[in-house]
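Every chain is numbered from 1 and lettered A, B, ... according to where its sequence line falls, protein lines coming before strand lines. Atom set for the values below is all heavy atoms of this structure, side chains included, hydrogens, waters and symmetry mates excluded.
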Amino acid sequence: MKSTTRLKDICQRREAVLMPGTPNALFARVIQDLGFEAVYVTGAGISNMHLGVPDIGLVTLTELTDHVSAIADAVDIPVLVDADTGFGNPINMARTVRALERAGAAGIQIEDQVFPKKCGHFAGKEVISTEEMIQKIRAALDSRQDADFQIIARTDSRAIHGLDAAINRAHRFIDAGADVTFVEAPRSTDEMQRIARELPAPQIANIVIGGLTPELDQKSLKMMGFGVVLYANAALQAALRAVHSVLSALKTTGSLKDVGEQLASFEDRQRAVNKAAFDELESRYRVLS
Amino acid sequence: VTPITERLKAVFVRRDATIISGAPNALFARVAEDLGYERVYVTGAGIANMHLGVPDIGLVTLSELADHVSAIADAVAVPLMVDGDTAFGNPINTRGADDRTGRRRRSPTGGSDLPQEVRSFSGKGVPLDEMVQKIKAAVDARLDSNFKIMARTDAIAVKGFAVALRSGPRIHRSRRRGDPSEMCARP
């Protein structure tokens, strides 16, 4: 089955499928190896990890596309991509969809923030008008080549206009043809319940550790009827703590003796990047003399 | 302010086994800098593993490496030493690698770890004469004479320790001018 169709099925099942996020191909491979059904490419993660900057709209479409190509080449599971605002107006959105679909994405998430955007859980977000966002959604839908390529429309308006307005926006996005909607940063279990109950299309819950949304488990979110649960930056946050701990010990003691158990072995590392498959290619194409 | 290339050079001159932490991305480079590491090494194997999710077998392109070096150099103030692998081809490619990892940057970069196939995997080495030409190309292409060219030999795995050690002085002599720290052979 095509990766776009697999992603569509995952959303439509409404079983609160867990989707860890990754900023790179290595973590994507770990996510696949652990049996997760799909992987989310996190824009915040690429900002933090590739550029070492906060999630404030500095990553370019070119940089995102490079990362998506690398990730899509490294895994077989569907890749859902955080495309932020589509990098501008509806015309930029059209180009964004073409570039990311070509790079191997199975779907993208687009949002109604003013470009350049901010992390959904930061203060000081601004949103464009509902009408303008609907035109961007139309541009995205018109640009996809594969009808199953998922267009997930996110609204960041909860923080600015309140939950009723946010749910109303999501209704309008669904009427415009969005496959899935995503009301970002609800602040209570009641709010999450309303989102899942009142909106007719599958919904996404975004669990941000230390963010504004209650950290409900998969069982509760499945009962509410969410389609997908994002843990966009759990892998990055785990890696950050591990790197800090190991390099700190190295700096202090001059060796890794005390922190050896925190490191993947050389063999585990090669397994994670599937070296065996490349060895097999090497022997298949060896010139026999 | 001491130029960034001279700061990297100072580490080699000291010969005090300064620990240089490797980073495949700007975030880890920032962690290393925050912890007080004086220098950061941009790891080619790390970029292969982390960015592409593949083993370190020469799949990363010069463009991809240059993009990562730009991002890392913009994110930290410490000098960077960049793993340039085989410099992506022959001596002419070596010129380009120097340009794109060093010149294009906000500030000049550290060094370029030139020769070889891949580290702990088995493979073949290039003839010493060819490597010497590549080093000459690298030295000629740098704009800042303090931009360190670090030449590595992987000959131990192929020809044994004695041969690897003998290639060191030859590699070292291939530099044009400068102090003895200008080139570090790493048998």
Side-chain angles (χ1 to χ4, degrees), chain A residues 22-33 45-53 58-60 62-63 66-67 69-75 236-237 239-256 264 266 269-279 281-282, chain B residues 16-43 45-61 63-78 80 117-124:
Chain A
T22 183
N24 59 47
L26 182 68
F27 296 173
R29 286 196 51 83
V30 172
I31 289 162
Q32 171 174 277
D33 286 349
I46 293 173
S47 303
N48 294 170
M49 202 147 207
H50 179 58
L51 298 182
V53 299
L58 296 176
V59 173
T60 66
T62 314
E63 288 167 330
D66 284 350
H67 281 79
S69 298
I71 293 166
D73 274 353
V75 295
L236 184 151
Q237 287 172 281
L240 179 58
R241 174 166 287 187
V243 166
H244 191 275
S245 155
V246 165
L247 293 188
S248 175
L250 176 63
K251 187 80 179 60
T252 315
T253 66
S255 89
L256 291 175
F266 191 80
R269 177 176 159 203
Q270 303 316 327
R271 205 173 300 122
V273 295
N274 203 11
K275 182 164 186 295
F278 291 91
D279 289 345
L281 287 180
E282 194 175 17
Chain B
D16 65 351
T18 299
I19 291 179
I20 300 185
S21 170
N25 58 49
L27 183 67
F28 293 177
R30 283 191 53 82
V31 172
E33 181 178 59
D34 286 349
L35 288 168
Y37 285 90
E38 298 174 76
R39 311 290 180 261
V40 166
Y41 177 77
V42 178
T43 152
I47 292 172
N49 291 172
M50 202 146 208
H51 179 59
L52 297 183
V54 300
D56 183 23
I57 52 173
L59 296 176
V60 174
T61 66
S63 339
E64 288 167 330
L65 177 63
D67 285 349
H68 280 77
V69 172
S70 297
I72 295 169
D74 277 352
V76 295
V78 293
L80 302 182
E117 291 283 308
V118 177
R119 244 142 279 202
S120 313
F121 303 150
S122 57
K124 60 180 185 342

Give me the atom names and distance for the closest heavy-atom approach of [X] to [Y].
| X | Y | result |
| --- | --- | --- |
| A:Arg269 | B:Ala45 | NH2-CB, 3.3 Å |
| A:Ala25 | B:Gly53 | CB-N, 3.4 Å |
| A:Lys275 | B:Pro55 | CA-CG, 3.6 Å |

Task: Heavy-atom side-chain proximity of A:Leu236 to B:Leu27 below 4.5 angstrom - done: yes

Task: Within-4.5 Å side-chain heavy-atom neighbours: A:Leu247 and B:Phe28 - done: no

Open item on the list: Below 4.5 Å, heavy-atom pairs only: which of A:His244, A:Glu63, A:Met49 has the largest tally toward chain B?
Closed with: A:Met49

Out of curiosity, [X] [atom1] to [Y] [atom2], how far, rounded to the nearest 0.5 Å?
| X | Y | atom1 | atom2 | answer |
| --- | --- | --- | --- | --- |
| A:Ile46 | B:Asn25 | CD1 | CG | 11.5 Å |
| A:Arg29 | B:Leu52 | CZ | CG | 12.0 Å |
| B:Glu38 | A:Lys251 | CD | NZ | 7.0 Å |

Task: Options B:Ala48, B:Ala29, B:Ala26, B:Gly36, ranked by heavy-atom pairs under 4.5 Å with chain A, top entry - done: B:Ala26

- [ ] Examine whether an atom of A:Asp66 lies under 4.5 Å from a heavy atom of chain B, and if so say whether it belongs to the side chain, the backbone or both; otherwise answer neither.
- [x] both

TODO: Look at the aromatic rings of B:His51 and A:His67 and report parallel, tilted or perpendicular, splitting at 30° and 60°.
DONE: perpendicular

Task: Neighbourhood of chain A inside residues 16-24 of chain B, taking heavy atoms under 4.5 Å as contact - done: B:Ile19, B:Ser21

